[in-house]
**Q** 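Just passing along the structure, written as structure tokens.
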Amino acid sequence: MSGKGKRKEQQQEDYASDGSGEANAPPKKASKTDASDDILVCEISKNRRVWVKNWKGKIWIEIRELYVKDGKQFPSKKGISLSVEQWNVLRDHVDDIDKALGDS
């Protein structure tokens with residue numbers, strides 16, 4: 001037998017013998033935050049969106065690409081999450097960005 005299965009077997013034995021009454025039950029994982037807290041602000045393009053979301057008690061502005069899996073769209077790793085403080089810094093520099101775009 002390979003060494004891979006031994007750790008899992010040992011964990012299951014530990015769960016069964018902890019006296020909790022839930023034999024072989026692994027510890028419960030924290031559930032993901034409810035997507036209903038997300039506010040879709042706008043679609044930048046077909047696969048890019050901006051959300052405002054509450055995650056772990058903090059407000060974030062997310063600009064993210066989406067990917068399609070089984071006919072549904074999901075947020076990808078490609079993107080950025082800005083805190084409110086970072087968003088305010090970016091917002092304060094919009095005129096500078098516009099000026100730089102006009103110069104190019």
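Along the sequence shown, the residues carry numbers beginning at 1. What's counted below: heavy atoms across the whole structure, side chains too, no hydrogens, waters or symmetry copies.
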**Q** Under 4.5 Å between side-chain heavy atoms, counting indirect links through other Ile/Leu/Val/Met/Phe/Trp/Tyr residues: same cluster for L82 and I97 or not?
**A** yes
**Q** First locate atom CG of L90, then atom CD1 of I80, and finally report the distance between them rounded to the nearest 0.5 Å.
**A** 8.5 Å
**Q** Please collect all ring-ring contact (aromatic ring centres under 6.0 Å, His included) contacts where either partner lies in residues 59-79, sequence neighbours excluded, each pair once.
**A** Y67-F74
**Q** So how far is it from I39 CD1 to N54 CG, rounded to the nearest 0.5 Å?
**A** 9.5 Å
**Q** Can you list everything that forms a side chain to side chain contact (heavy atoms under 4.5 Å, CB included) with V41? Sequence neighbours excluded, please.
**A** V50, V52
**Q** Counting C-beta onward and ignoring hydrogens, is there a side-chain heavy-atom pair between N47 and Q73 closer than 4.5 Å?
**A** yes
**Q** With sequence neighbours excluded, what pairs up with S81 under the side chain to side chain donor-acceptor pair (under 3.5 Å) test?
**A** E62, R64
**Q** Enumerate the salt bridge (charged side-chain N to carboxylate O under 4.0 Å, His left out) contacts for residues 75-96, please, sequence neighbours excluded, ordered by first and then second residue.
**A** none
**Q** Going by the rule side chain to side chain contact (heavy atoms under 4.5 Å, CB included), which residues pair with D70 if we only count those two or more places apart in sequence or in a different chain?
**A** none
**Q** Which ILVMFWY residues can you reach from L66 by hopping between side chains whose heavy atoms are under 4.5 Å apart?
**A** L40, W51
